[in-house]
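What you see is a predicted model, and the numbers here were worked out from it, not measured in a lab. In the text below, chain A, chain B and the rest are named by the order of the sequence lines, each starting its count at 1.
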Amino acid sequence: MSLRKVLLSEDVVSLAQILLGATITTHLDGITTSGIITETEAYKAPDDKGSHAYGNKRTKRTETLFAEAGTSYVYLCYGIHHLFNIVTGPKDVAHAVLIRAIEPSQGKDQMWVRRAIKSKGYNLTNGPGKLSKALGINKSHNAIDLLSIRSPISISLPKQHIPHKEIIASPRVGIAYAAECAHWPWRFRIKDNSWTSLPHDVKYDN
DNA sequence: CGAATGATCGGCT
DNA sequence: GCCGATCATTCGA
C-alpha cells in the first residue's frame, strides 16, 4: 500500500503511531540528512482545541492543514522554531501529525553545523524545533507535496511497524490552554529510545 | 540541581 | 499589542 493511501485512510491518531520508525530525509543545498522518527503527536481538528484549525477555522496559516494527505505543514513557533507536521486525511479534513523527535542517521556532522550549539549528545534532534533546524527545514518548506519525487523532503515507512508494546503514549505538552484536550494521550514515542524528549509528567529516581 | 529569561516573528483579537 | 505545538543559557540556592 502506498504511503499516500495509508495517510488518506487511517485515523490521524493511528498514523501518529504508524509513522514511528519511519525515515525522514531532506536534500537541501546539496546536503543529505536523514533520521528515524521516534516521537510524534496527533492534531485532530475540528474537535481538538490544541489544533490551529480548531473548529475548522480557516486562515491563511491554517489553510495548509486542509490540504490532502502527504502535504507538509511547517510553521513558526515562538518567532524562532520551525515545527514540521505531516498533513493527513482527505482534502478539507485538517488532521496532522507533528514530528517531535528523530534519531539521526545520515549527515550527523552537518546537523551539528546547522544547530550551532555547544552541547552534544541526544540534544541534537530530541525536540520539534531542534530536528527542524538540524534537517534544515524552514517555512519555505510549508505546503509542499512530500510524496512528490521532486520534493526536497521525503518520508518512507519502516519495513516493519513498531510493535504496539514498544510505543508509549502520553499527554501532549505546551497546549495547556486547550483545556481537557491537553490530557488526550496523543503523544507517542518509541520505548527505550533515547532520541526522544522526556515525557514531562514522568520522574526518574536513579 | 531548578527557575527565570531572552530570543524574535506572524497570526490573531 | 499579546502570546504561542520552543530552546539555550544564565542565575540562584
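Separation of the P atoms belonging to B/dT8 and C/dT10 is 15 Å when rounded to the nearest angstrom. The gap from the C1' atom of B/dA3 to that of C/dA5 amounts to 22 Å, rounded to the nearest Å.
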Chi angles and distances behind the side-chain hydrogen bond (donor to acceptor under 3.5 Å, both in side chains) call for A/Thr196, A/Thr38: CA-CA 6 Å; A/Thr196 63; A/Thr38 55; 5.7 Å; no
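Which of C/dC7, C/dT9, C/dA5 sits closest to the side chain of A/Leu98 comes down to C/dA5.
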Pair pattern of DNA chain C in dot-bracket, where unpaired bases get dots and | marks partners in another strand, Watson-Crick or G-U under 3.5 angstrom: ||||.|||||||.
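Here A/Asn123 reaches the OP1 or OP2 of C/dA8: one of its side-chain N or O atoms lies under 4.0 Å away. Neither OP1 nor OP2 of C/dA5 sits under 4.0 Å from any side-chain N or O of A/Arg187.
Classification of A/Lys44 and A/Asp11 as a salt-bridged pair holds, one side-chain N sitting under 4.0 Å from a carboxylate O.
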Check the interface with nucleotides 3-8 of chain B: list each N/O to N/O pair with the protein under 3.5 Å, or write none.
from  : atom 1 : to      : atom 2 : distance (Å)
B/dT8 : O2     : A/Tyr78 : O      : 3.1

Look for any protein N or O under 3.5 Å of an N or O in nucleotides 10-13 of chain B and output each such pair with its distance, or none.
from   : atom 1 : to      : atom 2 : distance (Å)
B/dC12 : OP1    : A/Thr59 : OG1    : 2.6
B/dC12 : OP2    : A/Thr59 : OG1    : 3.0

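The cationic group of A/Arg61 does not satisfy the cation-pi geometry with A/Tyr73, failing either the under 6.0 Å distance to the six-membered ring centre or the 45° limit from the ring axis.
Inspection of the A/Gln106 and A/Thr25 side chains reveals no N or O donor paired with an N or O acceptor under 3.5 Å. A/Arg4 and A/Ser9 form no side-chain donor-acceptor contact under 3.5 Å, judged by distance and modelled atom types alone.
Spacing between atom NZ of A/Lys130 and atom P of C/dC7 amounts to 5 Å, rounded to whole angstrom units.
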